[in-house]
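The block underneath contains the structure these notes are about, expressed in structure tokens.
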Amino acid sequence: MTKGFYNLTSGILSQTRRLNVIGNNMTNLSTAGYKAETYTDKTFQEVLISRVGNKDKSGAAVIGSESYILAPDQLYVDYTQGSFQETGMPLDFAIQGDGFFAVQTDTGVEYTRDGNFSLNDQGQLCLSGHGLVLGADGSPITLSSDRIRADGNGRIYDQGSGSYLGQIGVYTFPDNGQLAKGESGLFQANGQQAQAAQTPSVLWKYTEDSNVDMLREMTQMLTAQRTLQGGAQVLKLYDSLLTKATSEVGRL
């Protein structure tokens with residue numbers, strides 16, 4: 001009986017985590033460049049085998065007794081490109097295809113698809129609340145004002161004089177799936193070497209929409225909520241049975 005109690009408890013915790021991820025996706029529906037996340041779980045035994053390598057002397061995987069206790073497996077990020085939104089704002093940029101903007105944060109260089117930029121007090125291009133936007137040469141970009149024009153490769157020119165001011169850096173990685181999402185919401189290289197794209201495709205006065213599919217998130221949320229509610233009700237039944245069994249055994 002206690003085995004079922006632990007299995008149900010792990011299932012409830014798993015569905016709670018799933019709901020948290022879904023809620024975060026829905027909250028960021030309007031966040032430029034946001035990439036939707038998907039939570040997955042496995043049985044505790046499967047996680048041990050895949051991560052630790054539970055093997056016998058011959059190298060074969062040891063399966064052992066069955067376990068239905070759930071444990072977190074992975075949090076997948078969907079890097080599918082979102083649609084583009086024309087904003088008309090001179091400091092907005094969007095990347096067509098693979099790649100990320102680089103931002104110098106307090107904890108190091110991090111990466112994002114959010115091109116909703118602004119200028120700080122020193123006239124440097126920045127991502128509000130995060131840090132300075134880096135150019136193709138890895139240095140911050142100084143514009144002084146938003147009276148600019150930009151071409152399809154992200155090169156920026158002064159609108160009046162036509163002088164070259166810098167180029168928006170677009171950086172790629174060998175495997176986007178290996179990137180780590182930081183507490184700031186931006187991505188970290190996680191040991192990979194970022195490479196500046198030689199011929200990036202950049203849209204000026206556009207931003208990339210979040211790729212969150214609201215209908216899909218709503219469907220998953222309802223499924224998780226029903227599973228959570230069902231598990232909670234059965235858990236109450238187990239608790240009642242355990243209490244009764246304990247009291248009956250006590251009388252004997």
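Remark: side-chain polar atoms of Arg113 are not paired, donor with acceptor, to backbone N or O of Tyr34 under 3.5 angstrom. No side-chain donor-acceptor contact under 3.5 Å links Gln104 to the backbone of Gly131. One N or O on the side chain of Asn153 and one on the backbone of Pro200 form a donor-acceptor pair closer than 3.5 Å. Put simply, the side chain of Asn211 gets close to the backbone of Thr80: a donor and an acceptor are under 3.5 Å apart. Looking at Asn28, its side chain never comes within 3.5 Å of a backbone N or O of Thr31 through a donor-acceptor pair. A donor-acceptor pair is defined here as one N or O able to donate and one able to accept, closer than 3.5 Å; no such pair exists between the side chain of Tyr79 and the backbone of Gly177. Side-chain atoms of Glu217 do not come within 3.5 Å of backbone N or O of Met26 as any donor-acceptor pair. Between the Asn190 side chain and the Gln178 main chain, a donor and an acceptor come within less than 3.5 Å of each other.
With a 6.0 Å radius and a threshold of 12 heavy atoms from other residues, nucleotides or ligands, Asp106 has its CG atom at or below the threshold. Around atom CD of Glu183, no more than 12 heavy atoms belonging to other residues, nucleotides or ligands sit under 6.0 Å away. Residue-environment remark: OH (Tyr206) stays at or below the threshold of 12 foreign heavy atoms within 6.0 Å. Residue Met89 places its CE atom among 12 or fewer non-hydrogen atoms of other residues, nucleotides or ligands, all under 6.0 Å distant.
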- Message: Does Leu127 form a side chain to side chain contact (heavy atoms under 4.5 Å, CB included) with Leu186? I'd like the steps, not just the answer.
- Response: CA-CA 11 Å; Leu127 182 62; Leu186 306 186; 4.2 Å; yes
- List the steps, then state whether side chain to side chain contact (heavy atoms under 4.5 Å, CB included) holds for Ile148 with Asp158. CA-CA 5 Å; Ile148 61 169; Asp158 183 270; 5.8 Å; no
- side chain to side chain contact (heavy atoms under 4.5 Å, CB included) assessment of Gln188 paired with Leu179: CA-CA 6 Å; Gln188 298 170 343; Leu179 297 176; over 6 Å; no
- Message: Apply side chain to side chain contact (heavy atoms under 4.5 Å, CB included) to residues Gln96 and Val202 and explain how you reach the verdict.
- Response: CA-CA 6 Å; Gln96 284 187 301; Val202 178; over 6 Å; no
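Atom-to-atom distance recorded for Ser201:OG and Asp98:CG is 12.0 Å, nearest 0.5 angstrom. In this structure, the separation between OG on Ser184 and NE2 on His130 is 6.0 Å, given to the nearest 0.5 Å. Rounded to the nearest 0.5 angstrom, Asn120 CG and Leu132 CG are separated by 6.0 Å. Summarising the geometry, atom CD belonging to Gln225 is positioned 10.5 Å from atom OG1 belonging to Thr16; distances are rounded to the nearest 0.5 Å. Here the straight-line distance linking atom CG of Asp114 with atom OG of Ser210 works out to 10.5 Å at 0.5 Å rounding. How far OG1 of Thr112 is from OH of Tyr171: 14.5 Å, rounded to the nearest 0.5 Å.
When hydrophobic clusters are built by joining Ile, Leu, Val, Met, Phe, Trp and Tyr residues whose side-chain heavy atoms come closer than 4.5 Å, directly or via intermediates, Ile22 is not grouped with Leu222. Criterion: ILVMFWY side-chain heavy atoms under 4.5 Å apart, direct or through other members. Under it, Met221 and Val212 are part of a common hydrophobic cluster. Neither Leu165 nor Leu203 shares a network with the other; the hydrophobic side chains, linked directly or stepwise wherever heavy atoms of I, L, V, M, F, W or Y lie under 4.5 Å apart, form separate groups for each. Residues Ile168 and Phe100 are members of separate hydrophobic clusters, defined by side-chain heavy-atom contacts under 4.5 angstrom among Ile, Leu, Val, Met, Phe, Trp and Tyr. Cluster annotation: Val103 is not connected to Leu134 through the hydrophobic network of ILVMFWY side chains, with a link wherever side-chain heavy atoms come within less than 4.5 Å.
Taking all atoms of both residues into account, the shortest heavy-atom contact from Gln81 to Ile95 is OE1-O, 3.4 Å. Closest heavy-atom contact between Gly82 and Glu208: N-OE2, 2.7 Å. Here the shortest heavy-atom pairing between Ile156 and Leu143 reads CG2-CD2, 3.9 Å. What you find for Ile141 and Gln167 is that their closest heavy atoms are CD1-O, 3.6 Å. When every heavy atom of Ala102 is checked against every heavy atom of Tyr111, the shortest pair comes out as CB-CE2, 3.7 Å. Trp204 approaches Pro90 most closely through the heavy-atom pair NE1-O, 2.8 Å.
Checked against the 6.0 Å centroid criterion, the rings of Phe117 and Phe101 qualify as a close aromatic pair. A distance of 6.0 Å or more separates the ring centres of Phe173 and Phe187.
Under the 4.5 Å side-chain criterion, counting only non-hydrogen atoms from C-beta, Gln122 is not in contact with Thr142. For the pair Asp92/Lys205, no side-chain contact is recorded, criterion being any heavy-atom separation below 4.5 Å from C-beta on.
Figure legend: Arg149 and Tyr157 shown as a cation-pi pair, the cationic atom lying under 6.0 angstrom from the six-membered ring centre and within 45 degrees of its axis.
Between Glu37 and Arg18 there is no salt bridge, since no side-chain N of the basic residue sits under 4.0 Å from a carboxylate O of the acidic one.
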